[in-house]
Amino acid sequence: MIYCRFFRFLFYFGVIPAVLFFPCGAGCESEVQPSALKVKANAEASVEIRRLNQKHVDAWADEEEKLLSEISSLEKDLDTLKWKRQKTDTYLLDLERKMAALNEGSRAAKEIQDELEPFLEKTLQDLEAFSENELPSLRELQAPGLQATEALQNDADADMVRKTRGLLEILMRAVEYGYFVEPDQTDIVIDEKVIRVKRISVGRLGLFALSADGDQAWKWQPEGQRYEPIPHFADAIREAIQICEQRRLVELVELPMGPPVSQL
């Protein structure tokens with residue numbers, strides 16, 4: 001009993017491990033057995049604790065990997081957002097400069113429009129007044145274009161570019177009318193009678209008419225706004241018409257460019 005208690009004392013204070021206990025009789029065996037079971041239970045509990053700890057460590061390692069991956073993704077998103085913000089600021093500055101330039105251009109365009117629109121309208125009025133004094137054939141040619149241009153100038157939806165282009169086009173055509181010889185067929189009033197004639201305009205210099213039978217000829221008199229007879233020029237007018245219609249070789253034709261001269 002004394003030896004058993006002594007070994008037990010050494011065991012408790014860690015001097016010798018429990019495995020060195022030797023059987024020392026019935027009384028000693030009864031005291032050693034519970035201590036061995038307790039050590040075993042403690043060891044198993046320690047192993048279980050370590051196992052659980054390792055399980056938590058492994059779980060945390062997986063969670064840590066996921067969190068690190070998420071952090072990396074968020075950092076990339078943050079970098080992208082910073083770049084977008086900087087780019088947006090750059091775009092805003094550029095747009096502000098462009099808007100300022102547009103506002104300045106709009107102001108300048110408004111000033112030009114305020115000056116140009118009255119000029120266009122005055123030019124059209126002058127052209128219409130000029131057309132009233134044109135030869136009848138040229139006045140008839142210009143009438144549709146003048147009407148369309150006037151409608152365009154009064155169109156609230158038309159911008160200044162269209163209005164300016166339309167007026168320039170009608171001006172160019174009006175200029176061109178003074179450089180060509182153009183024959184046509186029409187009805188004219190002579191002594192209150194309607195007569196079918198062939199006309200030929202020599203630019204703005206003169207307008208001549210020839211009867212269907214070719215015997216009678218007339219010249220437009222701007223001063224009196226009427227056709228004056230010039231029968232002695234019937235053959236010359238016929239030749240001029242044939243040359244313009246390419247039915248005769250080109251040659252010099254004498255036509256009266258001044259006022260008609262009475263033939264005695």
Side-chain angles (χ1 to χ4, degrees), residues 119-155 158 163-264:
F119 172 77
L120 295 179
E121 188 166 344
K122 178 64 168 57
T123 303
L124 179 60
Q125 292 174 354
D126 292 342
L127 182 59
E128 290 174 339
F130 180 79
S131 178
E132 289 297 323
N133 297 319
E134 286 272 33
L135 300 174
S137 57
L138 300 181
R139 187 163 59 241
E140 294 166 5
L141 287 173
Q142 293 182 60
L146 289 173
Q147 293 174 0
T149 303
E150 183 177 5
L152 179 61
Q153 297 298 321
N154 295 328
D155 187 353
K163 292 182 178 181
T164 304
R165 183 186 298 115
L167 183 60
L168 291 177
E169 288 177 355
I170 193 67
L171 283 172
M172 291 301 298
R173 286 200 296 270
V175 172
E176 291 173 356
Y177 290 148
Y179 292 95
F180 66 87
V181 179
E182 185 71 20
D184 66 350
Q185 290 189 6
T186 187
D187 295 328
I188 63 175
V189 178
I190 303 294
D191 297 331
E192 299 181 353
K193 295 181 180 179
V194 179
I195 301 176
R196 188 69 174 178
V197 297
K198 276 191 174 183
R199 290 187 310 186
I200 180 171
S201 59
V202 183
R204 289 187 169 88
L205 298 178
L207 176 63
F208 305 94
L210 183 68
S211 62
D213 57 14
D215 294 333
Q216 299 295 321
W218 298 268
K219 178 186 178 183
W220 175 255
Q221 183 64 24
E223 292 80 3
Q225 292 292 298
R226 65 181 184 275
Y227 286 93
E228 295 287 345
I230 49 172
H232 47 287
F233 282 101
D235 292 338
I237 294 172
R238 183 187 308 106
E239 292 176 4
I241 292 174
Q242 290 174 350
I243 292 172
C244 291
E245 293 176 343
Q246 297 182 354
R247 295 188 292 113
R248 187 186 183 95
L249 294 177
V250 177
E251 60 182 71
L252 292 176
V253 177
E254 182 182 359
L255 293 174
M257 293 294 106
V261 179
S262 299
Q263 300 292 324
L264 298 178

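- Between the CZ atom of Phe119 and the OG1 atom of Thr164 there is a distance of 9.5 Å, given to the nearest 0.5 Å.
- Nearest approach of Phe208 to Pro256, heavy atoms of both residues: CZ-O, 3.2 Å.
- Not a single donor-acceptor pair under 3.5 Å links the side chain of Lys219 to the backbone N or O of Ile230.
- Remark: the backbone N or O of Lys193 is not paired with any side-chain donor or acceptor of Asp191 at under 3.5 angstrom.
- Between Ile195 and Asp187 there is no side-chain heavy-atom pair separated by less than 4.5 Å.
- Not a single donor-acceptor pair under 3.5 Å links the side chain of Ser131 to the backbone N or O of Leu127.
- If you take CD on Glu121 and CG on Asn154, they are separated by 6.5 Å, rounding to the nearest 0.5 Å.
- Residue Lys163 comes nearest to Ala158 through the heavy atom pair CE-O, 3.5 Å, listed as atom of the first residue, atom of the second, then distance.
- Glu134 places a side-chain heavy atom less than 4.5 Å from the side chain of Arg204.
- Here the OG1 atom belonging to Thr123 is positioned 7.0 Å from the CG atom belonging to Leu171, to the nearest 0.5 angstrom.
- To the nearest 0.5 Å, atom NE2 of residue His232 and atom CD1 of residue Ile237 are 9.0 Å apart.
- Between Lys198 and Glu245 there is a salt bridge, since a side-chain N of the basic residue sits under 4.0 Å from a carboxylate O of the acidic one.
- With contacts defined as side-chain heavy-atom distances shorter than 4.5 Å, the pair Arg238/Gln242 qualifies.
- By the 4.5 Å heavy-atom criterion applied to side chains, Trp220 and Ser137 are not counted as neighbours.
- Judged as a side-chain hydrogen bond (donor to acceptor under 3.5 Å, both in side chains), and not counting sequence neighbours, the contacts of Arg226 are Glu228.
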query = Is there a side-chain contact (heavy atoms from CB on, under 4.5 Å) between Val197 and Gln185 once you walk through the steps?
reply = CA-CA 6 Å; Val197 297; Gln185 290 189 6; over 6 Å; no
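- Residues Arg199 and Glu140 are paired through a salt bridge, judged by an N-O separation under 4.0 Å between the basic side chain and the carboxylate.
- Distance check: Leu210 CG to Arg196 CZ gives 13.0 Å after rounding to the nearest 0.5 Å.
- Donor-acceptor pairing under 3.5 Å is recorded for the side chains of Asp213 and Ser211.
- In this structure, the side chains of Ile200 and Cys244 come closer than 4.5 Å at one or more pairs of heavy atoms.
- Judged by distance alone, with hydrogens and angles left aside, the side-chain atoms of Glu132 form no donor-acceptor pair with the main-chain N or O of Ala129 at under 3.5 Å.
- Residues forming a side-chain hydrogen bond (donor to acceptor under 3.5 Å, both in side chains) with Lys122 (at least two apart in sequence, or on another chain): Asp126.
- Separating the CZ atom in Phe130 from the CG atom in Leu146 is a distance of 11.0 Å, to the nearest 0.5 Å.
- Counting all heavy atoms, side chain and backbone alike, Gly145 lies closest to Arg173 at CA-NH2, 4.1 Å.
- A heavy-atom distance below 4.5 Å is found between the side chains of Leu207 and Tyr227.
- Between Gln153 and Leu120 the shortest side-chain heavy-atom distance falls below 4.5 Å.
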